[in-house]
Amino acid sequence: MAQLTRRTTALQKTLSAAILSTRHLSTSPITVETSVPFTAHNIDPPSRSVETTPQELLTFYRDMALMRRMEIAADSLYKSKLIRGFCHLYDGQEAVAVGMEAAITKKDCIITAYRDHCIFLGRGGTLLEAFAELMGRKDGCSKGKGGSMHFYKKEGGFYGGHGIVGAQIPLGCGLAFAQKYSKDENVTFAMYGDGAANQGQLFEALNMAALWDLPAILVCENNHYGMGTAEWRAAKSPAYYKRGDYVPGLKVDGMDAFAVKQACKFAKEHALKNGPIILEMDTYRYHGHSMSDPGSTYRTRDEISGVRQERDPIERIRKLILSHDLATEKELKDTEKEVRKEVDEAIAKAKESPLPDPSELFTNVYVKGYGVELNKSLLELDLTNLSRFSVEQSLVLFSNIKLTLLVIDCISQSFGADRKELRAVLP
Amino acid sequence: MWGIIRQRAACKGNHASNLEQGIRAIALRTFSSSAKQMTVRDALNSALDEEMSADPKVFIMGEEVGEYQGAYKISKGLLDKYGPDRVVDTPITEAGFAGIGVGAAYYGLRPVIEFMTFNFSMQAIDHIINSAAKSNYMSAGQISVPIVFRGPNGAAAGVGAQHSQCYAAWYGAIPGLKVLAPYSSEDARGLLKAAIRDPDPVVFLENELLYGESFPISDEVLDSSFSLPIGKAKIEREGKDVTITAFSKMVGYALQAADILAKEGINAEVINLRTIRPLDRSTINSSVRKTNRLVTVEEGFPQHGVGAEICATVVEDSFEYLDAPVERIAGADVPMPYAANLERMAVPQVEDIVRAAKRACYRSH
């Protein structure tokens, strides 16, 4: 454990560290070739050869296995109705999240759409925060008030988690604008899918990013299906890396974590000097669009299992690890077991987390605090107690006791479903 | 009890009732403090200037805000003073630049996004509502959005159906937003400063026809630390027979109507709402409890309008005090026509307000 000096994710590296310590190989460099060369538009592509270390390889394996396990567990939780509403799973696309993290720092920003669980993990989110949020509990990253599509981790540079297709792209360019304004020397990765690639606001934002040389990197996670519509049915030109026209682009094998890492590193250097660039990650999702979509009405099971056999990102790393003799089959299996255990423990802990307190209905509408009053009319004031009450003292959690409260400078109210029974005084 | 609240409301920075304005106009230099005049345009410009000077994170973004000096000259001189990094001209892409503004606010900057009119905000309304207003709630406080969306709202003169809509009711419905509608120069300065300093997303609804109007302004208002509280309405004119609520340009009309009503023996109380969301329900209710009659005035479409909300709030909280049904004066329930006579019929006029107040007082024939 003492030899670990690499940058950390929130994920544990216990077993991989043990493996490496016995082999004394942790930092000796390895060169890996990407599966295919990069295809470039209006720019010279980076090299296919990627520098890595045994430590990184094992970390990639563990991180992706963890993400995979988390998504599969979320699938079961959804089927047992512990997760409600929407649940968009990322399994198959893990290499994009993991490769990107390896190329950047937490000071760079990432913003994505609703398929955000694994990106959240990569940015420093914990399993407990993820599962608790999915189940709508107060220990969730958004205290249970966001749900699957609204994970955030601002201190890790993760700005969500957005439900409206395409909206995150101008938002991401805004983050880049702010980074440039603040002279931060960092970049923003605005991620979107092949479905969102046709959105008008993407081109509006891209135009401004190019005009103003913003350090924005637009990452199209092309899993070839926008919900149930195949890319050839939605886009006249599915060469998304070329759609920027005057903005350079790179097409990347999104199932190869090292290709992703190389491309993101290249893109970051480019964006800091020359403004926006588009990365198209050729990837695939095993699940349907969301848990309410079987995913097999618009694509064949052969296609899905074909990708799983030929291009699975975790398999690729496993083969690399074995071929470089960095771990045995058994050690990798043990890693998987460890990961599974970690996920199960997090789920158990998340299940114990309670639902948010009812008073949380009214918190965070505005930035400052709030107060809840339960009474029939704000006009029942007890004047004899006037001087004793401050606004803070008149904050109470709702109960069935009818209280007389003084509302000094009653600025704003928010109402429950029965306006006369439940209302809160907002700042 | 309501007297206490009313006194507090009246004390908050205001000096001009219509009567006072009239006296000042006649008396000129009789008073020792000179009554300075300031146009709403200059009020907004000075507020932007001072807030940009005070906080380097504040920047302005919109169409023609920079080199053109502002489509309505509100941002005149600011490009020269603060440079193109802080006064940013955009292409005609509302959805794009509103989203960029919200993203910059996520990161911690304080954007002031200008829509040339709020009619164009509909192109960006997803960002105002889903990306800005709801973010603090969905993230349980992690992502706050200290942004201001400002621009002219409502009818101008002869600009037709697509350029005349009032958006107060639409934005006023959204939890997480603050919606302001200034009338006078003092309102414009105080509320814009408050909006820029506020950590929540603010929709700031100006009025093109008010930009050139001058209002008297005191030294207190000219001070760079001046601001008005958000969520507090102002009693422009005290009265006891009927309450008239209005915002933006309609405040001027309501004050004129009050003068006409005074000649007929009806003493009207005029409330300048100043804030549409959060609505100052306590001031409105206390006024209705005093006068027992209410007329709401707005320029926008009547159905689901601001007047409808005020009527509902008064019925909920002060039903026993009402001596007459609530009267609503609003824009006509039609898209804005172009012909001058039809346009005049589509927008509330002073006579409409007078007639409604008389009906509320059972004095119509």
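In this text, all values refer to a predicted model and were calculated from it rather than measured experimentally. Chain A is the first sequence line, chain B the second, and so forth, proteins listed ahead of strands; every chain is numbered from 1.
Put simply, CD on A/Q179 and OH on B/Y107 are 4.5 Å apart, with the number rounded to the nearest 0.5 Å. Considering NZ of B/K57 and OH of A/Y181, their distance stands at 9.5 Å, rounded to 0.5 Å. Rounding to the nearest 0.5 angstrom, the gap separating the CD1 atom in B/I143 from the NZ atom in A/K153 is 11.5 Å. The CG atom of A/N364 sits 11.5 Å away from the OG atom of B/S135 when rounded to the nearest 0.5 Å.
More than 12 heavy atoms of other residues, nucleotides or ligands shown are found within 6.0 angstrom of CG on A/L355. The neighbour count for B/Y68 OH, taken as heavy atoms of other residues, nucleotides or ligands under 6.0 Å away, does not exceed 12. With a 6.0 Å radius and a threshold of 12 heavy atoms from other residues, nucleotides or ligands, A/F203 has its CZ atom above the threshold. Residue A/Y246 places its OH atom among more than 12 non-hydrogen atoms of other residues, nucleotides or ligands, all under 6.0 Å distant.
Annotation: A/F177 is in aromatic contact with B/F59 [ring centroid separation under 6.0 Å].
Ranked by heavy-atom pairs shorter than 4.5 Å toward chain B, the options A/G200, A/C109, A/G174 are led by A/G174. Contacts with chain A were tallied for B/I100, B/V102, B/V88; B/I100 has the most, counting heavy-atom pairs under 4.5 Å. Note: A/L171 leads A/T188, A/L171, A/L211, A/I111 in heavy-atom pairs under 4.5 Å with chain B. Of the listed residues (B/D198, B/V145, B/N136), the one with the most heavy-atom contacts under 4.5 Å to chain A is B/N136. Interface summary for chain A: among B/I92, B/D126, B/N130, the most heavy-atom pairs under 4.5 angstrom belong to B/D126. Contacts with chain A were tallied for B/P146, B/S131, B/P201, B/A98; B/S131 has the most, counting heavy-atom pairs under 4.5 Å. Contact tally against chain A (heavy-atom pairs below 4.5 Å) for B/G96, B/S139, B/G101, B/P84: the top residue is B/S139. Of the listed residues (A/A167, A/G144, A/G163, A/A176), the one with the most heavy-atom contacts under 4.5 Å to chain B is A/A167. Between chain A and the options B/P111, B/P56, B/P175, B/P91, heavy-atom pairs under 4.5 Å are most frequent for B/P91.
Looking only at distances, a side-chain donor or acceptor of A/K420 sits under 3.5 Å from a matching main-chain atom of B/E316. At least one donor-acceptor pair closer than 3.5 Å links the side chain of A/K154 to the backbone N or O of B/Y106. Put simply, the side chain of B/Y137 never gets that close to the backbone of A/F362: no donor and acceptor are under 3.5 Å apart. Using a distance-only test at 3.5 Å, with no hydrogens or angles considered, a donor-acceptor pair links the side chain of A/Y366 to the main chain of B/L177. No donor-acceptor pair closer than 3.5 Å links the side chain of A/E360 to the backbone N or O of B/A140.
Contacts of B/Q123 with chain A are absent, with no heavy-atom separation under 4.5 Å from either backbone or side chain. If you measure heavy-atom distances from A/Q168 to chain B, you find no contacts under 4.5 Å at all. Contact of A/Y152 with chain B is made through backbone and side chain together, with heavy-atom distances under 4.5 Å. Contact annotation for B/T90: both backbone and side-chain heavy atoms come within less than 4.5 Å of a heavy atom of chain A. With a 4.5 Å cut-off on non-hydrogen atoms, A/I164 touches chain B through its side chain but not through its backbone. No part of B/K134 comes within reach of chain A, as not one of its non-hydrogen atoms sits under 4.5 angstrom from that chain. Of the atoms belonging to A/H150, heavy atoms from both backbone and side chain fall under 4.5 Å from chain B.
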Determine, step by step, whether B/Q142 and A/E155 satisfy the side chain to side chain contact (heavy atoms under 4.5 Å, CB included) criterion, reporting the C-alpha distance in whole Å, the side-chain angles of both residues, the deciding distance to 0.1 Å, and the verdict. CA-CA 9 Å; B/Q142 267 192 79; A/E155 67 265 21; 4.2 Å; yes
Determine, stepwise, if the pair B/D85 / A/W212 fulfils side chain to side chain contact (heavy atoms under 4.5 Å, CB included). CA-CA 10 Å; B/D85 285 345; A/W212 303 330; over 6 Å; no
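Annotation for A/P170 and B/H127: closest pair CG-NE2, 3.8 Å, computed over non-hydrogen atoms.
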